[in-house]
Amino acid sequence: MTSPTDPVPPAGRADRSPRLRRPAWAGRNYSLLTGAAFITGLGSNGALIAAAFAVLEAGGDGGDVGLVAAARTLPLVLFLLIGGAVADRLPRHRVMVAANALNCVSQGAFAVLVLTGEPRLWQMMLLTALGGTGQAFFSPAAEGMLLSSVEGEQAGRAFAVFRMAMQGAGVGGAALGGAMVAATGPGWVLAADAAAFALAGSLRAFLDVSHIPARGRGDGVLADLREGWREVSGRPWLWSIVLQFSIANAVVAAADAVYGPLVARDHLGGPGPWGVALGFFGAGTVAGALLMTRWKPRRLLLVGTLGVFPLALPSAALAVPAPITVLCAVMFLTGVTLEVFGVSWMTALHQEIPEEKLSRVSAYDWFGSVAMVPLATALTGPAESAFGRTAALWGCAALVVVVTAAVLCVPDVRGLTRRTKPVTGRAAAPLAGNGPAPAPRPGAEAGAQAKSARPPAG
């Protein structure tokens with residue numbers, strides 16, 4: 001989105017040059033967060049392709065690709081909730097910088113292994129697991145920082161512009177990453193991702209957290225996690241959508257991380273066309289974010305959830321398999337509609353969740369979203385052997401449709417409406433236009449982010 005500029009000075013005052021002026025909602029923290037997300041988006045979208053083809057070039061098969069993908073996601077499941085509690089206790093920008101440093105080191109070591117020899121499967125799994133650990137601490141801190149960086153009725157537009165920048169990086173990152181893998185091999189793409197983490201971490205070090213009230217030490221991490229769960233369990237719209245995406249993300253991760261590269265290798269011409277298809281998905285998300293800078297649907301989650309149904313289409317297209325032109329069109333459409341959901345979801349969290357609990361709630365959101373991904377990606381090889389790749393892909397598409405239809409049966413998902421003032425109290429917030437939300441269940445300890453079936457890395 002182009003920032004407005006000051007008017008051109010009148011004649012005789014040419015010494016006063018016009019300067020760019022940011023919109024009122026695009027403060028310093030917001031600008032730093034957006035710039036850093038754009039940088040890491042460029043590197044990480046290419047690195048996703050590079051990691052898969054690094055495994056294949058080292059002699060691995062689809063099962064090995066799935067194991068490496070699962071190795072990255074497993075630490076997310078193990079450490080996300082702790083990461084959320086830590087991010088609500090420590091300055092969030094410090095947590096983000098430390099996580100970026102770990103990602104930089106792990107991706108740099110992965111690049112060295114690929115460039116200097118034949119990496120072993122266990123080495124690739126270990127390094128991707130370190131990267132997943134960094135993301136487990138980064139994601140709740142980053143989402144809490146972003147949600148607290150904007151306020152007022154322009155929050156939805158701010159989130160749309162942020163996601164437009166982030167997803168715009170996906171367009172270039174995926175296409176460039178696929179082209180670089182084809183031209184120079186995956187090692188240099190992984191090295192570029194490590195450099196992107198270093199630069200983004202440097203930007204995030206300048207975030208200002210002075211406006212965020214200091215948190216007390218509290219009663220410990222477990223008490224923080226219980227309090228965060230009470231925030232989640234008291235909102236049916238929240239836990240139901242988290243549960244929905246625990247399944248949707250798992251099957252989409254299986255299709256994108258494992259079956260997609262295999263279909264590309266066997267039917268589409270290799271990593272280049274697959275990178276272009278992912279780039280079209282990124283282009284769709286940019287278009288969807290641009291749409292959401294203007295469109296403010298009143299029923300946030302009803303409209304957003306309807307936009308999740310097309311997420312089944314890419315798996316169906318890979319199952320056929322459709323020509324690359326059809327696959328690109330499907331990916332573009334999916335990106336548009338999924339971004340409608342993504343912006344609506346962030347807006348709902350911003351208006352309903354108290355600021356001091358944002359990272360903990362975000363951690364439960366992310367935890368639910370990735371909890372089943374390691375299992376799904378690890379089972380892609382056995383599923384392909386047992387049922388065939390085509391049947392497995394059709395199964396992925398069917399599951400997305402079923403769980404999305406189920407979420408529409410939740411009244412609070414259909415009824416949550418947009419408002420302009422964020423929540424400031426500690427109790428579960430009422431749903432605007434829907435009466436009071438159900439009270440949290442005291443003592444509940446078991447439970448179900450920027451939500452996306454293709455979440456960005458830190």
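Hydrogens, waters and symmetry mates play no part in the numbers below; they use all other heavy atoms, side chains included.
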Query raised in the report: Who pairs with Arg265 by side-chain hydrogen bond (donor to acceptor under 3.5 Å, both in side chains), at least two apart in sequence or on another chain?
Result: none
Query raised in the report: Hey, does the side chain of Arg204 reach the backbone of Asn100 with a donor-acceptor pair shorter than 3.5 angstrom?
Result: no
Query raised in the report: If you take all heavy atoms of Gly304 and Phe341, which pair is closest and at what distance?
Result: O-CB, 3.3 Å
**Report entry** From CA spacing to verdict: side-chain contact (heavy atoms from CB on, under 4.5 Å), Gln351, Leu300
**Finding:** CA-CA 11 Å; Gln351 76 173 28; Leu300 287 167; 4.1 Å; yes
Query - Pairing residues for Ala142 by the side chain to side chain contact (heavy atoms under 4.5 Å, CB included) criterion, not counting sequence neighbours - result: Met96, Phe138
Query raised in the report: Who pairs with Val286 by side chain to side chain contact (heavy atoms under 4.5 Å, CB included), at least two apart in sequence or on another chain?
Result: Met164, Gln167, Val171
Query - Pairs where residues 332-348 contributes a residue and the test salt bridge (charged side-chain N to carboxylate O under 4.0 Å, His left out) is met, not counting sequence neighbours - result: Arg163-Glu339
Report summary line: Scanning both residues in full, the closest heavy-atom pair of Pro310 with Pro314 reads O-CD, 3.5 Å
Query raised in the report: For Thr404, which residues count as a side-chain hydrogen bond (donor to acceptor under 3.5 Å, both in side chains) partner, sequence neighbours excluded?
Result: Gln244
Query - Heavy-atom closest pair, residues Ser246 and Ala250 - result: O-CB, 3.5 Å
Report summary line: By side chain to side chain contact (heavy atoms under 4.5 Å, CB included), Ala179 pairs with (sequence neighbours left out) none
Query raised in the report: Taking only residues two or more places apart in sequence, or in another chain, which ones meet Ala192 in a side chain to side chain contact (heavy atoms under 4.5 Å, CB included)?
Result: none
Report task. Could you pull out all residues at least two apart from Phe159 that satisfy ring-ring contact (aromatic ring centres under 6.0 Å, His included)? Result -> His350
Requested in this report: Please confirm whether the backbone N or O of Met125 pairs with a side-chain atom of Thr128, one donor and one acceptor, at under 3.5 Å?
Outcome: yes
**Report entry** Residue pair Trp237, Trp345: steps toward the ring pair (Phe, Tyr, Trp, His ring centres under 6.0 Å) verdict
**Finding:** CA-CA 10 Å; Trp237 62 267; Trp345 177 251; 5.8 Å; yes
Query raised in the report: Minimum heavy-atom separation for Val181 to Pro186, with atom names?
Result: CG2-CA, 4.1 Å
